[in-house]
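A short write-up of the structure that comes next.
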Amino acid sequence: ADAAMRAKDIVQQAGGAVDAVTVKGSVLDRLAAWPNDPSMPMPKMILRALRQLRPRPMSPAVLDGLSTTPALRAFEGRLLPSLLSVQEDFDQTALDLEVLIRDRLLVASNLEAQNDCQPVFLLKPDPTCRPLPSNMGGGLDPQGLDPDCVAELPKLQVRIATVREGDATRFKVLLGPDRLELSAIVVGPALLAWDVDLAKAKKAADFADQALLKPGEPPSPPFPKLSGTLRVAIKKLGPKKASLEASVLAPIEVEASDSPFGFRTGRADPLISITGDGVARQASMKLALGPTDVRAPWDPRDEGAKNLDLHVSLGGLTGEVLVAEGTKELGLRGLGVGASFVDVRGQHIFELNFNPANGRKADATVKIVGKNIPRVEISPKLDLSLLVRFAPVVKEFSMPPEQFLLDETYSVQFAPAAAPPAVCEMVAPNQQLRFDGGMKIVAGSLKLAARGAPNETVIVPAGKCVATRAGTPPGAHPLLGQFVVTDCPPVAQ
């Protein structure tokens with residue numbers, strides 16, 4: 001009962017935070033929606049590996065009642081009409097969760113053993129498979145049992161073992177006679193978390209697949225290497241203040257056997273954190289991805305090659321975004337990219353370096369000035385270099401890359417004058433002056449350069465604008481030749 005009440009309270013406070021700061025179409029709303037946005041896909045191979053593993057907190061049929069619980073609609077962009085506010089959605093979900101824990105799972109009729117005040121529950125169809133409060137409308141019998149859940153539970157032998165951890169309780173979800181750990185739910189005074197040890201979860205998932213395998217259905221492919229620990233958590237930080245976090249508690253390593261693929265990422269606690277403060281009416285998002293490596297087939301001709309010749313190494317991503325209600329300002333702090341590269345059989349074909357002399361980080365502020373003019377301030381500076389070198393593998397393409405991509409280093413430097421920040425503004429098109437739009441350097445200077453074309457360096461001093469040409473002049477560099485430095489048109493009053 002204590003765990004159920006704690007879980008309910010944490011979800012309710014999360015609802016207060018989300019309801020107060022998440023507005024449809026806001027910056028935070030768009031940030032929160034990015035994992036499902038088809039315009040910003042994650043690498044297909046990583047998604048495929050996660051789908052094959054199918055990490056889950058419990059037997060799917062047991063959680064079917066929560067899969068349609070109202071709060072999930074708050075994270076789906078409010079696509080369906082609803083008379084409820086986000087807070088009410090979360091309140092309903094909090095009630096569902098409380099009933100699930102108190103009246104469906106941790107009940108006397110499910111109790112199997114009691115050892116040192118750490119009971120073990122063996123889930124039985126009744127009451128485990130009864131509907132939750134949000135699913136009891138429309139004439140549904142409150143005592144009715146979900147037939148899929150009833151058929152599944154005896155085959156899986158789902159147990160919940162409770163373990164005290166200080167002032168929190170860990171609920172281990174175990175499957176089968178060998179009690180294989182699928183995952184664990186942690187409930188504390190201000191914490192509701194789902195932990196999954198990937199190596200353990202794979203063994204439990206394999207057992208579940210075999211137990212529920214339908215005739216003619218192929219089993220999941222094996223993973224030669226699968227390790228690491230993930231956590232997804234909601235933390236109560238105060239009245240109407242909460243954070244949603246995803247963490248890598250132990251480095252993740254994945255290798256697939258049915259297709260060449262390898263993935264590794266370092267510990268990151270948290271990897272991503274979204275915090276909402278309903279009282280202060282503000283929200284923030286932090287990202288701290290550790291060093292990450294992906295190995296995949298190098299197949300420039302799209303012939304279905306099966307190798308691990310392509311290696312993508314990302315030195316990490318960091319940053320924090322702060323959004324406050326009623327302000328026309330977006331603060332981005334500690335934006336950073338670690339030294340990163342792409343190689344083919346040990347030959348680097350791409351390298352990225354960001355602010356190497358400033359800890360590989362920068363701060364930026366985006367403001368709206370004048371008549372909806374975006375202004376960007378950067379401190380201490382922007383110093384970005386990109387090496388592109390396809391020459392070692394050029395013969396492996398059916399259509400070779402352009403000459404300017406064979407062996408070149410490009411750089412972008414946006415530096416302040418006497419002191420930070422460096423400042424630029426977007427400039428709207430002016431048809432009368434035949435200006436198609438561009439960027440004005442308000443403070444500092446912008447430099448665009450290529451190592452192999454020093455005479456075509458583009459330098460934009462303060463007070464000038466940089467724009468793109470309608471066409472590149474004959475003999476000009478294919479990239480640098482597209483930019484032109486010009487006087488800025490007067491700002492419309």
Side-chain angles (χ1 to χ4, degrees), residues 3 49-67 100-101 104-129 145-165 168-187 193-232 248-258:
L50 292 175
R51 282 198 298 268
Q52 289 175 342
L53 176 59
R54 298 192 301 281
R56 65 204 101 176
M58 196 176 291
S59 165
V62 175
L63 294 183
D64 275 350
L66 282 180
S67 65
L100 176 67
I101 295 173
R104 302 290 186 268
L105 305 180
L106 309 184
V107 296
S109 59
N110 283 339
L111 184 63
E112 182 183 45
Q114 179 86 27
N115 299 315
D116 299 325
C117 297
Q118 297 183 357
V120 176
F121 297 86
L122 175 61
L123 303 188
K124 298 180 177 64
D126 191 9
T128 305
C129 300
L145 304 180
D146 184 318
D148 292 334
C149 177
V150 171
E152 183 179 289
L153 279 182
K155 296 178 182 178
L156 296 180
Q157 303 177 48
V158 182
R159 289 179 171 84
I160 299 179
T162 60
V163 180
R164 295 292 299 179
E165 295 181 345
T169 303
R170 177 178 292 269
F171 299 93
K172 296 182 179 181
V173 181
L174 312 174
L175 301 186
D178 295 332
R179 305 193 178 193
L180 303 170
E181 183 177 324
L182 182 65
S183 62
I185 307 295
V186 181
V187 181
W194 169 47
D195 292 351
V196 54
D197 182 309
L198 295 181
K200 293 179 179 179
K202 184 60 172 68
K203 293 180 181 179
D206 286 343
F207 165 80
D209 285 344
Q210 290 296 324
L212 303 176
L213 199 64
K214 298 178 181 178
E217 184 180 5
S220 297
F223 286 82
K225 180 178 290 187
L226 182 62
S227 62
T229 303
L230 293 170
R231 164 172 281 192
V232 178
V248 178
L249 300 182
I252 295 175
E253 290 190 63
V254 179
E255 288 183 8
S257 61
D258 63 328

List the atom of [X], the atom of [Y], and the distance in Å for their closest heavy-atom pair.
X	Y	result
A161	V120	CB-CG2, 4.1 Å
Q114	Q118	NE2-N, 4.1 Å
K203	L180	O-CD1, 3.7 Å

Just to verify, what does [X] make a side-chain contact (heavy atoms from CB on, under 4.5 Å) with, not counting sequence neighbours?
X	answer
T229	D197, L249, A250
V186	A168, R170, L191, A193, D195, R231
I252	L198, L230, V248, V254, F263, T265

[atom1]/[X] to [atom2]/[Y] distance, rounded to the nearest 0.5 angstrom?
X	Y	atom1	atom2	value
Q157	L122	CD	CG	7.5 Å
E181	K172	CD	NZ	5.5 Å
K200	L226	NZ	CG	13.0 Å
L182	I160	CG	CD1	11.0 Å

Option from N110, T128, V158 for which side-chain contact (heavy atoms from CB on, under 4.5 Å) with F121 holds: N110
Is there a side-chain contact between F171 and L105 (heavy atoms, below 4.5 Å)? no
For atom NZ of K124, is the number of surrounding heavy atoms from other residues, nucleotides or ligands below 6.0 Å larger than 12? yes
